[in-house]
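Taking it in order: structure first as structure tokens, then the write-up.
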Protein chains: 2
Amino acid sequence: MKAKNTISQMRRGILEFCIISLLADHEVYTAELIDRLKAANLLVTDGTLYPLLSRLQKSDILQYRWEESESGPPRKYYSLTDEGREVLAELDLSWQEINGSVEQIRRGNKSE
Amino acid sequence: MKAKNTISQMRRGILEFCIISLLADHEVYTAELIDRLKAANLLVTDGTLYPLLSRLQKSDILQYRWEESESGPPRKYYSLTDEGREVLAELDLSWQEINGSVEQIRRGNKSE
DNA sequence: GCATGCTACCTTGTAACGCAAGGTAGCATG
DNA sequence: CATGCTACCTTGCGTTACAAGGTAGCATGC
């Protein structure tokens, strides 16, 4: 399956977008986030996620608060900042544009 | 514009897919390819493209032939191999799946 | 109250990749 | 034959995903 590499690149590219989208309405902690991404067919490990979340937090897109768990160590619940919401809006737009680009290219093939 | 980085990541992810798509029906050489990508709002430099094309060629997805130019040095015209066409079909599918994932995530936000 | 296990956090090392910058060489033009 | 343009390609850098490994809180069983 030669396309594998390319496919994972495509997935990767939208990972950040999906994470920001998922955080838009719900606080979540890392394990939950992984589950939700998995549900949308986007596999990630926590080793990928922690640095990414921490990067987004340093950029003021995400914030977190500690919450104690009923069964285990405390969890970091992440949510979007106001700035994060603005970023999400930009990303939504860009995503549509990119979609348009791909559409255009794929259509081009067929007609010509 | 905090989203910039994320946006370029998204673009990057689909770059290979777009290139393969663009080559599906037309032989093109690098400068043409860049123009066509630019027309679809995907900016790339040739320093990005050459290694990428060469990688795809080594994976038997692309092939090339030399053609002399009427005005300047000879050009490498790239086209898809049969295997490249199979890969393109896979990529088409994956792209639709990924689109579905993103749709699902974005829809999820709004309803919940 | 100590050992074991689970959960959640985080870090480190590696490999891939895009991109900017720089380099080589064919070919045309004055 | 010198200058410039076009086309090819390489190098070095920074970023990133991912696998693997590490720390520590908390619960459970003895």
Can A:Tyr50 and A:Lys76 be said to form a side chain to side chain contact (heavy atoms under 4.5 Å, CB included), step by step?
-> CA-CA 11 Å; A:Tyr50 283 110; A:Lys76 258 186 174 175; over 6 Å; no
Taking it one step at a time, do B:Arg75 and B:Glu32 satisfy salt bridge (charged side-chain N to carboxylate O under 4.0 Å, His left out)?
-> CA-CA 11 Å; B:Arg75 298 165 176 174; B:Glu32 258 178 69; 5.0 Å; no
For DNA chain C, produce a single dot-bracket line, 5' to 3'. Pairs: Watson-Crick or G-U wobble, both distances under 3.5 Å. Symbols: ( ) within strand, [ ] crossing, | other strand, . unpaired.
-> ||||||||||||||||||||||||||||||
How many angstroms lie between atom CG of B:Leu49 and atom CD1 of B:Ile19, to the nearest 0.5 angstrom?
-> 4.5 Å
Separation between CZ of A:Arg55 and OG1 of B:Thr6, rounded to the nearest 0.5 Å | 8.0 Å
Taking atom C1' of D:dA7 as reference, at what distance in whole Å does atom OH of B:Tyr64 sit?
-> 14 Å
With clusters built from Ile, Leu, Val, Met, Phe, Trp and Tyr whose side-chain heavy atoms come within less than 4.5 Å, directly or transitively, what are the remaining members of the cluster of A:Tyr29, listed by chain and number?
-> A:Tyr77
Under 4.0 Å: is that the gap between some side-chain N or O of B:Thr30 and OP1 or OP2 of D:dC8?
-> yes
Answer yes or no: is there a donor N or O on one side and an acceptor on the other, between the side chain of A:Thr81 and the main chain of A:Asp60, under 3.5 Å?
-> yes
For B:Tyr78 and D:dC8, what is the distance between atoms OH and P respectively, to the nearest whole Å?
-> 8 Å
Looking only at atom types and distance, does a side-chain atom of A:Gln63 sit under 3.5 Å from a main-chain N or O of A:Leu80, one as donor and one as acceptor?
-> yes
Take the protein atom CD of B:Glu70 and the nucleotide atom C1' of D:dA7, then report the distance between them rounded to whole Å.
-> 16 Å
For the atom pair OH (A:Tyr64) and CG (A:Leu53), what is the distance rounded to the nearest 0.5 Å?
-> 11.5 Å
Using heavy atoms to find the nearest nucleotide of DNA chain D for A:Ser69 and B:Trp66 separately, return the residue whose nucleotide is more 5′.
-> B:Trp66
Are any side-chain N or O atoms of A:Ser101 and backbone N or O atoms of B:Ala40, one a donor and one an acceptor, separated by less than 3.5 Å?
-> yes
Atom CZ of B:Arg75 and atom P of D:dT6 are separated, to the nearest Å, by 10 Å
Euclidean distance, atom CZ of residue A:Arg65 to atom P of C:dA8 [Å, nearest integer] | 15 Å
Counting primed atoms, P, OP1 and OP2 as sugar-phosphate and everything else as base, the B/S/- map of nucleotides 15-26 of chain C against protein heavy atoms under 4.0 Å is --SSBSB----B
Rounded to whole angstroms, how far apart are CG on B:Leu49 and P on D:dT10?
-> 14 Å
Look at A:Tyr29 and C:dA8 and indicate whether a side-chain polar atom (N or O) is within less than 4.0 Å of OP1 or OP2.
-> yes
Between P of D:dC18 and NZ of A:Lys4, the distance in whole Å = 12 Å
Find the distance B:Leu56:CG to D:dC9:P and express it as a whole number of Å.
-> 14 Å
